[in-house]
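Taking it in order: structure first as structure tokens, then the write-up.
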Amino acid sequence: MAEPPGSFTKQETSWPLGRPEGGCCAGCPIREGCALAADTYVVCPITGSTPPPAPPTHTPAPAPGADGFVEEPAARRFDVTAVASRGVEAAISGAFGFGWTDLATALIERGAVWDSEGNRVDWERLQIKRNLLCIAVATAVPLGEHTATMWVADALRTHSISAVFVPAGMALGVAMPVFVGQFVPGIGGLCKAAISVTQLIGRACWRFLSSRLGWIVTRPAIWAVICGLATATWRFVVYRLTGAV
């Protein structure tokens, strides 16, 4: 009698760990890492009637030239930038008072330990403590008459959307004459030297901003823009609701 399609028939095979008692998966050497393992299968749903090969009895030797990838980078060498980054974070935390960021981080992490799929939430990716310190820098450290957040909010209130394009226009107003000047006889050499120095400074700044220590500059700036935009929006809403001019 023909068997219905999709059914698994019992076949005599030679399994590496002996004949399984609870189905083919019971004696499978790779059962622990198989996503389809079950005690109901008589024939392997992946390899069919051919048993999976047994795992090697020894640890495979690394490929030639792969010795540098055997250990983690942190275990091979001392990372100065990582230590400096943690030191700056500790210094900023001390300037604003020890303990409050750790308390806030603990409360946030305890608020949602598991996600909707039952997995543990990885709060370390958000770097809550570091972001809280950067928010404090952006909103509490004065830069002249105001904090960075208030500078952004005042610029948006005074110049509206032009606050974004005016600095870019000023930069282009300076860069374009220098770029064109390198083709003008007499001042070409001076303009080329200025462009070379600018490129050198730009590469150095980009290398610092993209390094582990770059968050010292970039993250407070990002939070200053976010908090400044939120402050400007809040002012607009309050002025509209209260009828203030």
Side-chain angles (χ1 to χ4, degrees), residues 62-63 65-96 98 101-102 105 122-144 146-153 155-156 159 161-184 187-230:
D67 296 340
F69 298 94
V70 176
E71 297 178 349
E72 293 295 331
R76 295 200 313 268
R77 63 180 183 273
F78 179 74
D79 196 339
V80 178
T81 57
V83 175
S85 179
R86 290 193 296 268
V88 173
E89 183 176 338
I92 298 175
S93 178
F96 287 96
F98 289 102
T101 52
D102 296 327
T105 301
D122 187 8
W123 287 105
E124 293 183 358
R125 294 183 178 181
L126 297 181
Q127 297 181 341
I128 299 175
K129 180 178 180 179
R130 183 170 295 180
N131 282 315
L132 290 175
L133 292 174
C134 292
I135 293 174
V137 170
T139 57
V141 176
L143 298 176
H146 306 291
T147 62
T149 297
M150 297 308 298
W151 278 116
V152 174
L156 291 175
H159 304 287
I161 192 64
S162 61
V164 180
F165 297 103
V166 168
M170 295 175 61
L172 288 176
V174 175
M176 290 304 296
V178 176
F179 177 78
V180 175
Q182 64 180 337
F183 303 103
V184 178
I187 62 172
L190 182 62
C191 292
K192 289 182 180 179
I195 292 176
S196 300
V197 173
T198 303
Q199 290 177 344
L200 181 62
I201 295 175
R203 291 194 188 100
C205 292
W206 175 254
R207 182 170 297 182
F208 173 76
L209 295 177
S210 59
S211 66
R212 289 176 179 261
L213 295 175
W215 68 271
I216 302 172
V217 177
T218 57
R219 200 165 298 186
I222 293 173
W223 280 114
V225 173
I226 295 175
C227 296
L229 182 60

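Distance check, rounded to the nearest 0.5 Å: CG of L213 to OG1 of T218 gives 10.5 Å. From L190, atom CG reaches atom CD of Q182 across 11.5 Å, with rounding to the nearest 0.5 Å. Atoms OG and CD1, on S196 and I201 in that order, are 11.0 Å from each other to the nearest 0.5 Å. Note: C227 SG to M150 CE = 11.5 Å, rounded to the nearest 0.5 Å. Going from atom CZ of R203 over to atom OG1 of T198 covers 11.0 Å, rounded to the nearest 0.5 Å. Note that the CD1 atom of I135 and the CD1 atom of I222 stand 11.5 Å from one another [nearest 0.5 Å].
Annotation: side chain of L156 is in contact with side chain of L229 (closest heavy-atom distance under 4.5 Å). Considering only heavy atoms from C-beta on, R219 comes within 4.5 Å of N131 through its side chain. When side chains are defined from C-beta on, T147 does not count as touching T139, because their heavy atoms never get closer than 4.5 Å.
When the salt bridge (Lys or Arg N to Asp or Glu O under 4.0 Å) test is applied to R130, the partners found at least two apart in sequence or on another chain are E89. Under the ring pair (Phe, Tyr, Trp, His ring centres under 6.0 Å) criterion, F179 pairs with F183, not counting sequence neighbours.
A 6.0 Å sphere centred on CZ of F165 holds no more than 12 heavy atoms belonging to other residues, nucleotides or ligands. Few gaps surround NZ on K129; more than 12 heavy atoms of other groups in view lie less than 6.0 Å from it.
Although no hydrogens or angles enter the test, the distance criterion places a donor-acceptor pair under 3.5 Å between the side chain of T149 and the main chain of A138.
Minimum interatomic distance between V217 and F208 (heavy atoms only, all atoms of both residues): CG2-CE2, 3.8 Å. In plain terms, the two heavy atoms of V137 and P220 that are nearest each other are CG1-CB, 4.3 Å.
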